[in-house]
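Shown next, in C-alpha cells, is the structure this report addresses.
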Amino acid sequence: MRTFTKVLAVTAVAGLALTGCGRSSDSTSGSTSSGSAAAASGFAADSVIGVSLPQKTSENWVLAEKLFNDDLSGAGFKQDVQFANGGVAEQQNQIDAMITKGAKVLVVGAIDGGQLGGQLKSAKEKGITVIAYDRLLTNTADVDYYIAYDNFKVGVLQGTALLEGMKAKKPNGPYNVELFAGSPDDNNAKVFFEGAMSVLQPKIDDGTLKVVSGQTKFEQAVTQGWKAENAQNRMDTLLAGSYTGTELDGVLSPNDTLARAIITSVKSAGKPIPVVTGQDSEVESVKSIMAGEQYSTINKDTRNLVKETVAMVVALQKGEKPTVNDEKSYDNGVKVVPANLLAPVIVTKANAAEAYANDPTLSPLTK
Ligand code: BGC
C-alpha cells in the first residue's frame, strides 16, 4: 500500500498519467539489466568519479562534499566533487565537464532531477554508470541506480511526530495547523509531503486537524529553492492572515532550515511556539530541540549514505552489481530505478541522546 502510494507520488511529480507510467512489473527487469551491463566490465581502480551536488540548502550537502572527497580518495579513486550553487545550468556544465574528464561513475544530487536529460544521455553513450544520490533523476532512461533515505517514510515520520507532539501538549483536538513543503523542483519535496499527508489527511477529513489558512495543497505549501526566507515570509503572511485571534498548534516543516525560519517568524509575531517538525539533524535544530523549541527532526546520517554510495562505486569498479534493496518504488516516469534505500529515524528530545550516540558532533549537544 505504502509502496503503491510512493509510486503514485513520484508519478504525480513527473506529471504523467498514472496509466502511462510503468508499474514495477513493466520495467524493473529492463532497468536491472542495464545496471548489470554497466557493472559487467568494471574499470580501473584509480578512475575519475564525478560527484555533482546541488546548492548548499542544508548541512547534509556540505557534509556530503567532505565525505565524498575523503571516502572516494581513500578508496583510491580520483574524485571530482562539485556544488552547483549557480543553479541548473551550472550543474549541467559541471556534469559535461566530468564526462569530458573521463569519469566512470557519476553520482548526482540534482537541483532539478528533470533537467539533466541531455547530460545523462551523453554519459550513457560513453558507458558511464549514473547513480542518483538523495534525489531521484526523473523522466530519463539514463539513470542506473538510486540511493537515498526512504523519502516517503521521512514524510510519514514527520506527520506522525506532528500529531504526537500536539497530543502531548494538549490531549484533545481539534488542532490548528499549517503545512509547509520543500522546493517543487526537488523530486523529494512532493514525496515528503505525500508521506506526511498519508498520515495527516485522514485527520483533516475527520476534523481533528484544521488548516486554518485552507492551504492544504502541495502547490500552496511549497518553499521555492528550500530557502529559509521564503518559509519565513509565508509564515509571517499566514500568521497575519489567519492567526490574529487564533492559536496555532502545529506546523509541518519538511526540514530543519525551514523549521527554524518558521520558529523565527512565530517568535517575532510574539506567539507561543507551536509543535514544529524538521529533517536533517542540523546542529542548530538539535540545539533547538534540546531547548524545547523545535519539536522533532529526522536523522538521515550522511556518513552512512556516502559510505553506501562509495560501496556501490567500488562494486561497479570490480564489475559487480551494487547493492539494491528496492526494485519497485521509484518510478521516474520512464523506468523504475533500482534503489538502495536507507531507513530514516525520527528524533525528539526524548530519544536524541540515543539517536546521536555514535555521532561525535551531535552527541555532546544532547548531554
Ligand atoms: C534532502 C533533504 C534536504 C533538502 C534541502 C532534500 O532533497 O533530501 O535532506 O533538507 O533537500 O536541502
Side-chain angles (χ1 to χ4, degrees), residues 6 9-10 13 51-65 67-68 83-85 87-88 91 107-116 131-138 146-158 161 180-196 218 221-232 252-262 276-286 288 294 296-306 308-309 329-330 332 337 339-347 362:
K6 193 156 54 181
V10 176
V13 172
V51 180
S52 172
L53 300 173
Q55 289 120 333
K56 299 179 186 178
T57 41
S58 43
E59 273 169 21
N60 50 331
W61 296 110
V62 180
L63 189 55
E65 177 194 32
L67 292 166
F68 272 120
F83 272 110
N85 283 314
V88 171
Q91 186 158 43
V107 175
V108 182
I111 296 170
D112 182 336
Q115 298 291 323
L116 300 173
I131 302 177
Y133 173 84
D134 190 285
R135 301 174 175 178
L136 189 61
L137 293 160
T138 53
Y146 180 44
I147 178 158
Y149 280 92
D150 185 335
N151 300 302
F152 190 84
K153 181 81 191 297
V154 166
V156 169
L157 292 172
Q158 290 172 331
F180 282 70
S183 190
D185 49 4
D186 172 359
N187 189 68
N188 285 354
K190 179 91 184 228
V191 185
F192 297 147
F193 194 75
E194 296 278 349
F218 175 71
V222 293
T223 310
Q224 195 64 46
W226 287 100
K227 287 206 170 98
E229 74 230 44
N230 292 340
Q232 193 169 330
L252 174 75
S253 166
N255 82 355
D256 285 351
T257 306
L258 305 190
R260 297 195 302 278
I262 289 161
V276 182
T277 61
Q279 166 173 211
D280 295 330
S281 297
E282 297 202 338
V283 168
E284 288 310 314
S285 283
V286 173
S288 173
Q294 188 175 322
S296 65
T297 186
I298 301 277
N299 194 15
K300 303 195 305 185
D301 194 329
T302 306
R303 295 170 302 170
N304 289 342
L305 194 60
V306 171
E308 285 285 323
T309 309
S329 298
Y330 280 91
N332 79 348
V337 185
N340 184 357
L341 296 184
L342 279 65
V345 175
I346 189 79
V347 183
L362 300 178

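Along the sequence shown, residues are numbered consecutively beginning with 1. These figures come from a predicted structure and were not determined experimentally. Numbering of ligands and ligand atoms starts at 1, following listing order.
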Residue portion contacting ligand 1 (non-hydrogen atoms closer than 4.0 Å) for Tyr133: neither
Is it the case that the side chain of Thr277 and the backbone of Ser253 share a donor-acceptor pair, with hydrogens and angles ignored and the cut-off at 3.5 Å? yes
Considering non-hydrogen atoms of the protein only, which is the closest contact for atom 1 (C) of ligand 1, and what is the distance? Asp134 OD1, 3.3 Å
Checking contacts here: is it the side chain or the backbone of Asn60 that comes within 4.0 Å of ligand 1, counting heavy atoms only? Could be both or neither. side chain
Which residue and heavy atom of the protein sit nearest atom 6 (C) of ligand 1, plus the separation: Asp186 OD2, 3.3 Å
Ligand 1 to Phe192, heavy atom cutoff 4.0 Å, flagged ligand atoms 8 (O)
Between Glu59 (side chain only) and Val283 (backbone N and O only), is there a donor and an acceptor less than 3.5 Å apart? yes
For Leu342, is there any backbone N or O sitting under 3.5 Å from a side-chain donor or acceptor partner on Asp150? no
Please confirm whether Asn188 comes within less than 3.5 Å of ligand 1 when only nitrogen or oxygen atoms on both sides are compared. yes
May I ask you to list the atoms of ligand 1 that are less than 4.0 angstrom from any heavy atom of Lys300? 1 (C), 2 (C), 8 (O), 9 (O)
d(Glu194 CD, Asn151 CG) to nearest 0.5 Å is 12.5 Å
Sub-4.0 Å heavy-atom approach of Gln55 to ligand 1: no
Does Tyr149 approach ligand 1 within less than 4.0 angstrom via side chain, backbone, both or neither, non-hydrogen atoms only? neither
Ligand-residue contact atoms, ligand 1 with Trp61, heavy atoms, under 4.0 Å: 11 (O), 12 (O)
Can you confirm whether the side chains of Thr302 and Asn60 place a donor and an acceptor under 3.5 Å from each other? no
How close does the nearest protein non-hydrogen atom get to atom 11 (O) of ligand 1, and which residue and atom is it? Arg135 NH2, 2.9 Å
Among all protein non-hydrogen atoms, which one is nearest to atom 9 (O) of ligand 1, and what is the separation to 0.1 Å? Asp280 OD1, 2.6 Å
Is the backbone of Gln224 close enough, under 3.5 Å, to the side chain of Asn230 for a donor and an acceptor to pair up by distance? yes
Got a donor-acceptor contact below 3.5 angstrom from the Ser296 side chain to the Val347 backbone? no
Say you draw a straight line from CD1 of Ile298 to CD1 of Ile346; how long is it, rounded to the nearest 0.5 Å? 3.5 Å
